[in-house]
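No hydrogens, no waters, no symmetry mates; every other heavy atom, side chains included, goes into these values.
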Amino acid sequence: MSAALYLAWRYVARHRLQTLLLAGALAMVIALPLCLRVLVQTTELAMRDRAASTPQLVGARGSALDLMLTALYFKRQPLPPITMKQVQELRGTDLCRAIPLDVRFHAQESPIVGTEIDYFGFRGLRLASGQMITRLGDCVLGARVAQFRGLKPGDALFSSQEQVFDIAGVYPLKMRIRGVLVANGTTDDDAIFVDLKTAWLIQGLAHGHDDVVATKDAVLKTESGNTVANASVRMFNEVTESNLNGFHFHGDQAAYEISAVVVIPNNAKAEALLAGRFLKGTNPVQIIRPSEEFDALMSTLFQLQALALAVMALTIGAALAIAALVFALSFRLRRLEFATLADVGVSPVALSLTKLFEVLIVGALGLLIAAGLSLWVQINAPSWVRWLLA
Amino acid sequence: MISITDLSFAYPGSSFRLQVDSLTVAVGQSLALLGPSGVGKTTLLRLMTGLLQPNSGEVKLGAVSLSRLNETNRRAFRLSEVGLVFQDFALLDYLTVEENILLPQRFGKEPLTPAASQAIRGLAERLEIDKHWRKLAGQLSQGERQRVAIARALAHRPRYLFADEPTASLDAVRREVVMDLLQDYIQENEACLIMVTHDTELISRFPVHSKVEDFTSR
């Protein structure tokens with residue numbers, strides 16, 4: 001090792017804390033833009049796959065982004081509902097398959113997704129254990145929900161109360177866990193899937209209770225064929241084999257609310273025809289192509305990223321200037337030391353090399369930390385992005 | 001031999017003048033430079049080692065006239081032929097005792113031979129700093145630091161030794177040890193020693209001594 005490098009190394013090694021602080025600060029300014037790029041790219045990748053695999057979405061007119069976030073990532077957005085009538089109309093066109101989605105309820109932090117059995121085939125979701133939904137009140141869990149909560153087929157799960165102070169509102173439903181899905185690395189892993197009717201049951205559109213007529217002293221009054229019961233009638237908060245037949249729906253199911261519809265057109269022509277049907281601005285329902293909406297979203301995101309990188313470039317410049325100042329001040333404070341070395345006979349070239357090596361060692365250490373940091377972000381980015389999107 | 005002829009020096013813008021018409025230190029001899037603080041002892045020492053350039057005159061170390069060497073050669077000559085003991089020791093606190101002592105060798109062209117290494121350990125033992133061999137210089141007492149500075153000046157076996165108050169921080173016993181060492185060294189190595197000192201007790205150990213105030217005017 002050259003004397004200059006040796007001396008630089010010894011100085012740096014002796015002042016470990018200061019060196020680490022400086023190298024850490026340099027690493028941060030180097031790694032920050034890299035990490036931002038990695039996170040944006042990972043987000044893009046995760047979102048693009050999901051968007052690309054969903055041909056069209058139908059939902060209430062308004063924010064296309066909200067519709068996409070609701071239907072693809074099960075994020076509960078302030079999206080007005082549409083009705084099952086829309087699904088029936090779409091199916092009536094014979095241009096597509098339509099899969100309704102109801103994403104309005106949750107169990108603790110996990111979204112409850114009311115849908116039909118077609119959804120599992122469409123997304124390629126397979127069971128890791130247990131069985132598929134067989135009746136009202138059943139649910140199957142995404143892999144991560146099951147793992148995180150330690151749930152398995154045969155266990156039960158309560159839906160969360162939506163409004164704490166609404167005593168006449170939606171009561172938690174105890175759901176029977178029938179199966180756990182194989183992880184597919186998407187938002188599906190974080191969801192609890194139920195039949196659409198179970199979602200309506202949670203909403204309160206269906207209910208089950210004791211037989212009013214058979215229950216002693218339960219009838220409050222009977223008016224033109226309608227029986228009004230008093231509070232002694234027990235409402236069921238769980239669907240069992242014995243009370244299954246006691247559950248019933250009120251009203252016209254075509255008017256029941258859902259959040260969105262996944263539309264799978266038969267072909268390109270059908271896709272264009274379907275898009276045309278919803279063109280009118282007065283139509284309260286819209287149809288979107290997630291991939292196009294995603295491109296628009298990413299374009300905005302990239303602009304923001306470019307802006308953030310520009311700001312970071314300025315920050316990096318400032319940080320490097322401060323680092324240069326730190327070195328300059330350090331060398332100034334040590335001028336007696338360098339003067340001594342010069343007096344002993346050390347050449348100016350060797351002295352300059354010593355200073356240069358100190359800068360390079362700190363810089364290299366900074367790069368090493370930055371590389372480690374970037375690698376760590378790269379390894380963890382997929383799970384962080386999944387958490388962000390969940 | 002160290003010889004000075006018609007040496008003249010003045011700091012720019014200062015009334016201080018240093019004039020040495022003739023001064024000689026033979027091989028194996030030592031010279032004590034005496035005088036009160038601020039009289040110009042260190043300036044004369046720096047002129048004799050080539051760290052300062054005279055306005056006129058000549059300093060010769062052996063056959064080499066320092067004023068005829070360029071800066072690069074002067075540095076190289078100093079690194080190999082001159083041993084310097086600084087008044088403030090000038091040790092690097094982040095290096096160990098061993099690293100400080102071997103610093104001139106590390107930057108010099110001569111590789112450190114096992115024999116030289118052994119000799120340096122012997123030097124450290126004689127100066128009683130061998131037990132601190134792996135300690136950082138910043139952890140030593142003043143007296144220990146001074147002895148390390150002396151060991152560093154001698155380690156590369158220079159032919160010309162310049163010491164600025166090398167015993168100022170030492171107790172009486174160690175002062176004698178150091179003086180014995182320095183005088184043995186110049187005898188054994190046919191070297192020359194020029195030493196700045198305030199210590200009147202040491203003057204008797206020098207066959208020749210000069211009062212620096214005789215060379216200066218203000």
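- Annotation: side chain of A/V12 is not in contact with side chain of B/Y94 (no heavy-atom distance under 4.5 Å).
- Other residues, nucleotides and ligands contribute only 12 or fewer heavy atoms inside 6.0 Å of the CE atom of A/M28.
- Remark: B/K131 NZ is packed, more than 12 non-hydrogen atoms of other residues, nucleotides or ligands lying under 6.0 Å away.
- Taking CZ of A/R10 as the start and CG of B/L136 as the end, the distance is 6.5 Å to the nearest 0.5 Å.
- A 4.5 Å side-chain heavy-atom check between A/V344 and B/F86 finds at least one atom pair inside the cut-off.
- Within the 3.5 Å criterion, the main-chain N or O of A/D343 finds a donor-acceptor partner in the side chain of B/R78.
- The two residues A/V346 and B/R75 have their closest heavy-atom pair at O-NH1, 3.1 Å.
- Atom CZ of A/F148 sits in a sparse spot, with 12 or fewer heavy atoms from other residues, nucleotides or ligands closer than 6.0 Å.
- Enclosure of atom CH2 in B/W133 by more than 12 non-hydrogen atoms of other residues, nucleotides or ligands within 6.0 angstrom is indicated.
- Counting only residues at least two apart or on different chains, no side-chain hydrogen bond (donor to acceptor under 3.5 Å, both in side chains) pair has a member in residues 22-37 of chain A.
- At a 4.5 Å heavy-atom cutoff, the contact between A/L341 and chain B is made by side-chain atoms alone.
- For a residue to count as touching a neighbouring chain, one of its non-hydrogen atoms must lie under 4.5 Å from one of that chain's; by this rule B/E99 touches chain A with the side chain only.
- Here A/Y6 contributes atom OH and B/L95 contributes atom CG; the two are 6.5 Å apart, rounded to the nearest 0.5 Å.
- Within 6.0 Å of CD in A/Q18 there are more than 12 heavy atoms belonging to other residues, nucleotides or ligands.
- Contacts between A/A342 and chain B at a heavy-atom distance below 4.5 Å involve backbone atoms as well as side-chain atoms.
- Interface residue B/R46: only side-chain heavy atoms are found under 4.5 Å from chain A.
- Looking at every heavy atom in both residues, A/A350 comes nearest to B/F107 through CB-CE2, 3.9 Å.
- Within the model, atoms CG of B/L103 and OG1 of A/T340 stand 10.0 Å from one another, a figure rounded to the nearest 0.5 Å.
- Proximity to chain B among residues 361-371 of chain A is not found for any residue, judged by heavy-atom separations below 4.5 angstrom.
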